[in-house]
2 protein chains.
Amino acid sequence: MSSTAPAAAAPEDLLRGAGLRVTAVRVAALHAVGHKQHATADDVLGSVRAELGTVSVQAVYDVLHALTDARLLRRIEPAGHPARYERRTGDNHHHVVCRSCGAIGDVDCTVGHAPCLTPSDDHGFVVETAEVTYWGLCPGCRTSGSAARI
Amino acid sequence: MSSTAPAAAAPEDLLRGAGLRVTAVRVAALHAVGHKQHATADDVLGSVRAELGTVSVQAVYDVLHALTDARLLRRIEPAGHPARYERRTGDNHHHVVCRSCGAIGDVDCTVGHAPCLTPSDDHGFVVETAEVTYWGLCPGCRTSGSAARI
DNA sequence: TGCTCAACTGGAATCATTCCAGATTACGGT
DNA sequence: ACCGTAATCTGGAATGATTCCAGTTGAGCA
């Protein structure tokens with residue numbers, strides 16, 4: 001068993017590796033986000049239920065929190081849209097969000113090592129992370145012209 | 001840069017200049033945000049009521065939207081915190097948000113003309129704006145050390 | 001000095017997410 | 001293998017920010 005590739009790592013191993021209990025809901029949730037990058041809690045709930053049958057809303061939110069805390073998932077919260085989750089690559093990438101439909105795309109930091117990610121005046125804050133979000137229109141919404149609110 | 005004045009411009013003129021009707025609630029709302037930068041809708045509601053007496057929740061949300069659309073205010077929506085409004089200066093500055101209490105500080109873009117504000121791969125999106133948010137702890141929460149008291 | 005449409009009122013509704021209290025279950029001992 | 005005990009999960013109710021709706025009021029043009 002030289003199952004190396006972290007990308008292909010089995011959910012069970014990821015969980016154990018993070019010191020978390022291996023439960024059906026957690027495994028299913030990891031599968032769900034693996035299949036649909038940038039899934040909402042609701043998407044995950046759907047997938048998990050499709051896979052396991054009855055699962056409470058709470059269980060999914062709990063799991064998503066646990067996985068996020070354990071760094072197995074990363075949560076993105078675009079203003080005006082429900083939170084989304086992605087399997088984190090560890091790299092610090094950013095996101096393009098469609099102002100119209102909320103679609104999200106990954107964006108690598110243009111400049112390798114974030115230049116403007118160190119505030120000029122931090123007001124005494126201890127800055128831990130910087131987050132960049134690009135707002136615009138996705139190909140689909142651009143083509144279908146209208147529909148965009150405002 | 002040379003166009004300073006706006007800070008001192010009377011709310012009435014700002015409204016008229018933007019082609020908006022001059023109403024008590026709007027004027028009071030502009031005052032409110034002027035006095036307390038980064039005010040929440042609730043803060044504004046409070047100030048406006050203190051100034052005018054009875055005012056509906058709806059009126060304030062309507063006004064904040066109208067003013068935001070007219071570019072007299074800028075809305076900031078830090079993940080996990082209610083939206084906040086600031087009197088926009090036209091410059092594209094960013095924000096430091098306290099992970100613990102939600103306090104917000106303004107941060108000028110370190111590099112004048114946003115370098116990493118052009119995504120390397122835009123996935124076909126038409127990017128309109130880029131938004132940078134720094135997350136950390138404000139001086140107060142840092143000192144009081146423990147228990148993030150929301 | 002009226003008229004008209006944008007603004008406002010008040011109350012109910014929505015949506016994502018969280019709180020609660022009790023039932024279930026993974027997994028480190030013995 | 002078997003138990004005990006947190007850690008999890010269930011189901012339902014609650015929260016909080018914001019929006020929808022239908023009717024009333026008032027700013028600003030004629």
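Chain letters run A, B, ... following the sequence lines, proteins first and then strands; every chain starts at 1.
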inquiry  = When the axes are fitted on five pairs at both termini, how much does the helix from dT1(C)-dA30(D) to dT30(C)-dA1(D) curve, in 10° steps?
reply    = 40°

Minimum side-chain heavy-atom gap H93(B)-V107(B) below 4.5 Å = no

inquiry  = Under 4.0 Å, heavy atoms only, any strand: does A83(A) hit a base, just the sugar-phosphate, or nothing?
reply    = sugar-phosphate

key: Given DNA chain C, 5'-ward residue of the pair V25(B) and R75(A), judged by closest heavy atom   = V25(B)

ask   = Can you tell me how far C1' of dG10(C) sits from OH of Y61(B), to the nearest Å?
value = 15 Å

remark   = Taken in chain and number order and not counting sequence neighbours, the residues that satisfy ring-ring contact (aromatic ring centres under 6.0 Å, His included) with H38(A) are H95(A)

request  = Respond yes when some side-chain nitrogen or oxygen of H65(A) is under 4.0 Å from OP1 or OP2 of dT17(C), and no when none is.
outcome  = no

task = Decide side-chain contact (heavy atoms from CB on, under 4.5 Å) for Y85(A) and T68(A); before the verdict, give the C-alpha distance in whole Å, the side-chain angles of both, and the deciding distance to 0.1 Å.
result = CA-CA 8 Å; Y85(A) 297 85; T68(A) 301; 3.5 Å; yes

request  = Before accepting this row, confirm whether a basic side-chain N of the pair R84(A)/E86(A) lies closer than 4.0 Å to the acidic partner's carboxylate O.
outcome  = no

query = For DNA chain D, which nucleotides open and close the run of contacts to chain A, 5' to 3', at under 4.0 angstrom from a non-hydrogen atom?
reply = dA6(D) to dG11(D)

request  = Examine distances only and state if a side-chain atom of Q37(B) and a backbone atom of R87(B) form a donor-acceptor pair shorter than 3.5 Å.
outcome  = yes

inquiry  = What I'd like to find out is whether the side chain of S100(B) reaches to under 4.5 Å of the side chain of C138(B), using heavy atoms alone.
reply    = no

message = Below 4.0 angstrom, which residues in residues 31-52 of chain A have at least one non-hydrogen atom near DNA chain C?
response = A41(A)

ask   = Nucleotide by nucleotide, 5' to 3', does protein get under 4.0 Å of the base (B), only the sugar-phosphate (S), or neither (-) in nucleotides 20-30 of chain C, counting heavy atoms?
value = B-----BS---

ask   = Closer to the 5' end of DNA chain D via nearest nucleotide, is it H81(B) or V57(A)?
value = V57(A)

Close side-chain approach of V126(B) to R99(A), heavy-atom, < 4.5 Å = no

query = Between D62(B) (CG) and dG10(C) (C1'), how many Å, whole number?
reply = 13 Å

Show every donor-acceptor pair shorter than 3.5 Å between a side-chain atom in residues 25-36 of chain A and any protein atom, with sequence neighbours excluded, or say none if there are none.
residue: R26(A); atom: NH1; partner: R21(A); partner atom: O; Å: 3.1
residue: K36(A); atom: NZ; partner: D43(A); partner atom: OD2; Å: 3.3

request  = Report the relative orientation of the aromatic rings in H123(B) and F125(B); use parallel for angles under 30°, tilted for 30 to 60°, perpendicular for over 60°.
outcome  = perpendicular

request  = Classify the angle between the aromatic ring planes of H94(A) and Y134(A) as parallel (below 30°), tilted (30 to 60°) or perpendicular (above 60°).
outcome  = perpendicular

inquiry  = Checking E128(B) against L137(A) for the side-chain contact (heavy atoms from CB on, under 4.5 Å) test, could you report, in this order, the C-alpha distance in whole Å, the side-chain angles of both residues, the deciding distance, and whether it holds?
reply    = CA-CA 8 Å; E128(B) 295 163 3; L137(A) 286 178; 4.2 Å; yes

inquiry  = Set out, in order, the CA-CA distance, both residues' side-chain angles and the distance that settles side-chain contact (heavy atoms from CB on, under 4.5 Å) for L20(A) and L67(A), then state yes or no.
reply    = CA-CA 9 Å; L20(A) 292 177; L67(A) 297 183; 4.0 Å; yes

query = Can a salt bridge be assigned to the pair R49(B) and E51(B) using a cut-off of 4.0 Å between side-chain N and carboxylate O?
reply = no

